Amino acid sequence: MFQARGEKHWVIPDGYIPPTSSGELISHESICVLNCSSEEALIRCTIFFEDREPMEDIVVVVPGRRTKHIRTSSLQKDGAPIPVGVPYAIEVRSDIPVIVQYSRLDATQPENALMSTIAYPLKG
């Protein structure tokens, strides 16, 4: 059995899916979850907005000893995706400790920009 590593609660304050792309690459964001444990991780995401109620309890499963790259544009609640061009924040909760990274590819202009950072872990 492999032991879980990381934290159970993570926050990404700056989410934004760019509404346009130029060239061959599509602007997008990803939540990358690493599950070092032998058991699967049950991930629950909440998406917070400035001007509307959150999208809560979006469930994703990450198998044991695997990584999962979750495009935020694929996350839906009751058939509704996260709107593009709207600022938001992400709360990630897991039933076991995991490691969470966040990446954004901004292809709104020919000079693409890629940003990646570890999400903020909340202890306890």
Side-chain angles (χ1 to χ4, degrees):
M1 294 289 289
F2 291 93
Q3 188 174 25
R5 295 186 183 107
E7 295 293 335
K8 292 183 177 182
H9 193 184
W10 298 82
V11 177
I12 303 161
D14 179 31
Y16 183 81
I17 303 170
T20 60
S21 300
S22 67
E24 295 179 26
L25 297 175
I26 303 296
S27 295
H28 68 273
E29 296 181 312
S30 292
I31 304 167
C32 305
V33 180
L34 171 60
N35 179 7
C36 297
S37 171
S38 296
E39 61 182 291
E40 72 178 22
L42 183 64
I43 307 296
R44 294 183 186 277
C45 297
T46 299
I47 310 300
F48 292 93
F49 301 97
E50 295 176 351
D51 62 350
R52 62 191 86 183
E53 290 299 309
M55 297 170 67
E56 298 183 79
D57 208 30
I58 301 170
V59 177
V60 178
V61 175
V62 181
R65 309 272 301 149
R66 297 290 183 266
T67 184
K68 186 161 192 132
H69 293 70
I70 307 157
R71 284 217 181 174
T72 58
S73 60
S74 73
L75 296 175
Q76 295 187 6
K77 184 63 179 180
D78 300 326
I82 298 171
V84 298
V86 174
Y88 64 92
I90 308 165
E91 179 182 38
V92 177
R93 290 185 176 267
S94 178
D95 61 338
I96 63 171
V98 294
I99 299 163
V100 178
Q101 179 182 350
Y102 167 78
S103 300
R104 177 187 300 152
L105 173 65
D106 185 343
T108 56
Q109 53 190 335
E111 298 78 20
N112 296 316
L114 178 64
M115 173 194 73
S116 187
T117 187
I118 294 294
Y120 185 80
L122 298 172
K123 308 283 185 196

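All values below were derived from every heavy atom in this structure, side-chain atoms included, with hydrogens, water molecules and symmetry-related copies excluded. Remember, it's a predicted structure, so these values are computed and weren't measured experimentally.
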| query | For residues 79-100, which residue pairs qualify under salt bridge (Lys or Arg N to Asp or Glu O under 4.0 Å), counting only residues two or more places apart or in two chains? | reply | E91-R93
| request: Spell out, as yes or no, whether a donor-acceptor pair under 3.5 Å connects the side chain of N35 to the backbone of V98. | output: no
| Roughly how far, to the nearest 0.5 Å, is CZ of F49 from CD1 of I82? | 6.0 Å
| Cluster partners of V59, using ILVMFWY side-chain heavy atoms under 4.5 angstrom, listed by chain and number? | L42, V61
| query | Under the side chain to side chain contact (heavy atoms under 4.5 Å, CB included) test, which residues partner P121, sequence neighbours left out? | reply | E7, W10
| Going by the side chain to side chain donor-acceptor pair (under 3.5 Å) test, which pairs reach into residues 75-89, not counting sequence neighbours? | E29-Y88, T72-Y88
| request: Verify, without hydrogens or angle tests, whether S94 (side chain) and I96 (backbone) share a donor-acceptor contact under 3.5 angstrom. | output: yes
| request: Can you sort out the partners of S116 under side-chain hydrogen bond (donor to acceptor under 3.5 Å, both in side chains), two or more places apart, ordered by chain and number? | output: Q101, S103
| remark: So side chain to side chain donor-acceptor pair (under 3.5 Å) across residues 38-66, not counting sequence neighbours, yields R44-D57
| salt bridge (Lys or Arg N to Asp or Glu O under 4.0 Å) contacts touching residues 12-23 (sequence neighbours left out) | D14-R104
| Contacts of type side chain to side chain contact (heavy atoms under 4.5 Å, CB included), residue K8, not counting sequence neighbours | P97
| message | Which Ile, Leu, Val, Met, Phe, Trp or Tyr residues join F2 in one cluster when any pair of side-chain heavy atoms under 4.5 Å counts as a link? | response | none
